[in-house]
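To start, the structure under review is shown below, and the notes come after it.
Since this is a predicted model, take the numbers as computed values, not measurements.
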Amino acid sequence: MRNGNKHVGEKLRMKGLPAISYWDRAELTTLATSERPWMDFNPLRSEPHAVQALQHQWANLRFIRYALNGADDVCKFQKWRGCTEDHRSITMGRPGFTKQVIDGARRQRILYCRS
């Protein structure tokens, strides 16, 4: 689930940038993940319901939810601490924060890969 318009709008405004609507951000997400056929945009704003619907439709498959965050947010809330085999995360690098995320993951002995 992407952050709401208010949160993103305030964050961009602080940087002097124009706001990007939820649906425009959804389109950007779709474009950014187009080479990853196992990823898709979830039009439902309730992630657990989306996963349940997928599991119901394809009961023989295992679905894994990934949290998607910017490195600045991961650093602010030390989100690497919540990463496990069942709670996976994809972190988008941000200038000045990416190395902090990698260092935090290493300290917690979190398995990570860079791509």
Q. From W23 CH2 over to L28 CG, what is the distance, rounded to the nearest 0.5 angstrom?
A. 13.5 Å
Q. Are any of the side-chain nitrogens in D72 or K11 under 4.0 Å away from the carboxylate oxygens of its partner?
A. yes
Q. Can you name the closest pair of heavy atoms from F63 and L54 and give their distance?
A. CE1-O, 3.5 Å
Q: Say whether L68 and Y66 are linked into one hydrophobic cluster, either directly or through other cluster members, by side-chain heavy-atom distances under 4.5 angstrom.
A: yes
Q) Between atom CD of Q100 and atom CZ of R94, what is the distance when rounded to the nearest 0.5 Å? A) 13.5 Å
Q: Output the distance between atom CH2 (W80) and atom CD1 (I102), rounded to the nearest 0.5 Å.
A: 11.0 Å
Q.
Looking at H87, is its backbone amide N or carbonyl O close enough to the side chain of T84 to form a donor-acceptor pair, meaning the two atoms are under 3.5 Å apart?
A. yes
Q: Check the pair M92 / N69 against side-chain contact (heavy atoms from CB on, under 4.5 Å), numbers first and verdict last.
A: CA-CA 6 Å; M92 298 170 288; N69 291 284; 5.9 Å; no
Q. Is any side-chain heavy atom of V74 closer than 4.5 Å to a side-chain heavy atom of F97?
A. no
Q: Please determine if D103 and K99 form a salt bridge, counting it only when a charged side-chain N lies under 4.0 Å from a carboxylate O.
A: yes
Q: Examine L17 and I20 and state if one hydrophobic cluster contains both, with Ile, Leu, Val, Met, Phe, Trp and Tyr joined whenever side-chain heavy atoms are less than 4.5 Å apart.
A: yes
Q.
When you compare the side chain of V101 with that of C75, does any pair of heavy atoms fall below 4.5 Å?
A. yes
Q. What residue pairs, at least two apart or across chains, pass side-chain hydrogen bond (donor to acceptor under 3.5 Å, both in side chains) with a residue in residues 50-63?
A. none
Q: Apply side-chain contact (heavy atoms from CB on, under 4.5 Å) to R88 and R65, showing your working.
A: CA-CA 7 Å; R88 300 180 187 194; R65 179 188 171 271; over 6 Å; no
